[in-house]
Every structure is written in structure tokens, then in C-alpha cells.
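What follows is one structure encoded as C-alpha cells, with my remarks underneath.
Just so we're on the same page: letters track the sequence lines, and every chain starts at 1. Since we're looking at a predicted model, the values are computed, not measured.
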Number of protein chains: 2
Amino acid sequence: MATLVERLEASGLRLTAQRRAIAEALDGTDRHVTADDLLPQARARIPEIGRATVYKALAAFVATGQVGEFALPGEPVRYDPNAGVAHHHAVCDACGAVIDVPIGDDLTHLAPPGFVAHSGDLVLHGRCAACAGQTS
Amino acid sequence: MATLVERLEASGLRLTAQRRAIAEALDGTDRHVTADDLLPQARARIPEIGRATVYKALAAFVATGQVGEFALPGEPVRYDPNAGVAHHHAVCDACGAVIDVPIGDDLTHLAPPGFVAHSGDLVLHGRCAACAGQTS
DNA sequence: TCGCTATCGAGACTCTGTCTCGATAGACTG
DNA sequence: CAGTCTATCGAGACAGAGTCTCGATAGCGA
Ligand SMILES: [Zn+2]
Ligand SMILES: [Zn+2]
Ligand SMILES: [Zn+2]
Ligand SMILES: [Zn+2]
């Protein structure tokens, strides 16, 4: 898999220095981070980068389909550099970890009659391997 | 299926006049509404009801498991009076409609090794029956 | 090189949701 | 019924996430 910067270039997005810094910061983590998490990371590369720039860059990345976003109720939106490969997410109730789950079945066949689904986001809730072992 | 008010009573929640008004307002719609959507509906029953009261009441309802919540990126949390029966959601890209989808398969078996899943929320994206027919 | 346009940065602004705190309403006791 | 104890209420201040405005800048094509 190419880097996020390469995939964004390939998608035709104009890659400025700021967007490159933000894409590198996002790609450098396997976590699922928020925009405000990313700001200090991006500033490590370009100190004068603005907060609005991060939001606008992430929106542009999402529009290309190379970056995913998902939201849990009551939490800020998280961005996912791994959207080139479709996958689902498992969220640990105990520690909050978000784990990528490879896609097995196609889930769009679950759509009701008449609904034309092009994608589906599944979020599993439970205990991750580390937390399940403990008798909380 | 009993009304939401009845189900909340059965779950042992203290049902004040305000909570009853909010539960009736929520139950009276088949849509998936936000807390602030609900405020005027609740005030139609009890005019002096406060905004914080609606938020706190909804949080209490969710804690009983009789009301569901789900979030789309960039949108306020929506509340679902129909959580007594587990179901998924289909969201129309074009008109924004949120449609209940009866559960078919159990999806928790998709969890990765070691992860103990107790529930899964699936959100399908696409076009609803009304919007799919049109050549937008 | 010139100019057009998308992007940038700063900060004000909006919106969603939470917290504080004094007042109130119930439940429970006797 | 009166007293007490506690959960809930309402108002408004507050906080966090995200957007908008607008003048400045940088990249791209001609
Ligand atoms: Zn965990
Ligand atoms: Zn992911
Ligand atoms: Zn539609
Ligand atoms: Zn629903």
C-alpha cells in the first residue's frame, strides 16, 4: 500500500506543504485520531499551521475517499488514514481502543427493499483482548 | 410493543412530568431526532421545560437501554425511541432520511480474535427508494 | 512573468452539549 | 400529615468542536 501522501497525489488533490504535513501526521499513526489531536503533530512539521487548515485539509482528504471518518456519540469525529482498504471498527468499552476489523462479508445486502446501498459502516462494541481478560 | 413511557416505567426509572413529556415527544415520531429537535415538542406539553432537562432525560433513557443513540460525523447525536427492538440504520445520501433496518444476521461474529463483542451498530449509506429512482 | 484561483492563518463566531447551583418535587418515615 | 432526604429541575454560564470571514499568499497555467 502506498503512503497516504502518494494516494492523495494520485487522486488529483492539490498537495500544498500544509496538506502534506497533515497527511504525514495522519499516516504516521495507526490510531484513529481527531482533528485537534493532529494539530500539534502537524505543527511539528510546519509550526505556523492553523487550526482551520487542519479541518479543511481533512475534509478535502475525506472527499477523495482516501481518508475515512467516523463518529461515536458524544465524541469528536475521528479520521482514519486506512480508508483505501475498506474495514470496520471494534471499540473497547473499557479502554476506548478502536481496532480495525478486516471486511469479511459484504454487508450491503442487508439493506431494506428499494434501498440502494453503496457502503456500510459497522461498529462493534465490547471488550478488547487486553481488557476482556481482566475481571474489571 | 408497549409505549416508550411504559417501557421506561418498567425499567424502574423515576418518571417525572418532564420526563414523561420528553418520552412522549420522542415516541411520537418515527424519525431519529436530535435533543434540540425535541425541545419544542416537549415544551408543547410543558412550556417551562429547560434545555438541560432534555439532555439529562435523554441520557437517563439511554442508560435504561430503551432509547438508542447514534451519531453521523459532523451531526448532532440522534435519539431512537425504538431501541427496545435491536435494529440497524440506512442513511440516504440524497435526502438524509434514516431508515430502520430489521436485524438479520448476528454481526458480532465479525469481531477480531480476542475481542468480545456484545453489540454491533451497522450504518448503511446509499439511496432510499424514493431517491434511487431519480436521475439526480 | 503575469494573473487567476485555491489555499492559508487568525480569530471571531455558531452550535452542541455540560456544569453549577439554588429551588422544587417526590418518596419515605413515623 | 409533617419532616427529611434526595433526585430532578431550570436558567444561564461555560466548554469543546467545528465553521466562517477575510485579507494575504502561494501555486499553477498562459
Ligand atoms: Zn480495552
Ligand atoms: Zn480504521
Ligand atoms: Zn432519500
Ligand atoms: Zn432506529
Roughly how many Å is it from [atom1] in [X] to [atom2] in [N], rounded to a whole number?
X	N	atom1	atom2	result
B/R20	D/dT8	CZ	P	14 Å
A/I49	C/dC8	CD1	C1'	9 Å
A/R19	C/dA6	CZ	C1'	8 Å
B/E48	D/dG12	CD	P	14 Å
B/L39	D/dG12	CG	P	14 Å
B/L13	C/dG26	CG	P	14 Å

May I ask you to verify if any side-chain N or O of A/T53 is less than 4.0 angstrom from the OP1 or OP2 atom of C/dG9? yes
Under a 4.0 Å heavy-atom criterion, the protein footprint on nucleotides 13-30 of chain D, written with B, S and -, is ----BBBB------B---
Using a 4.5 Å cut-off on heavy atoms from C-beta on, say whether the side chain of [Y] contacts that of [X].
X	Y	value
B/R7	B/D27	yes
B/L38	B/L58	yes
B/Y79	B/I22	no

Regarding A/H89 and A/D100, is there a side-chain donor-to-acceptor distance under 3.5 Å anywhere? yes
In terms of relative ring orientation, are A/H32 and A/H87 parallel, tilted or perpendicular, with 30° and 60° separating the classes? tilted
Can A/R20 and A/E9 be said to form a salt bridge (charged side-chain N to carboxylate O under 4.0 Å, His left out), step by step? CA-CA 10 Å; A/R20 191 176 308 266; A/E9 272 173 352; 3.5 Å; yes
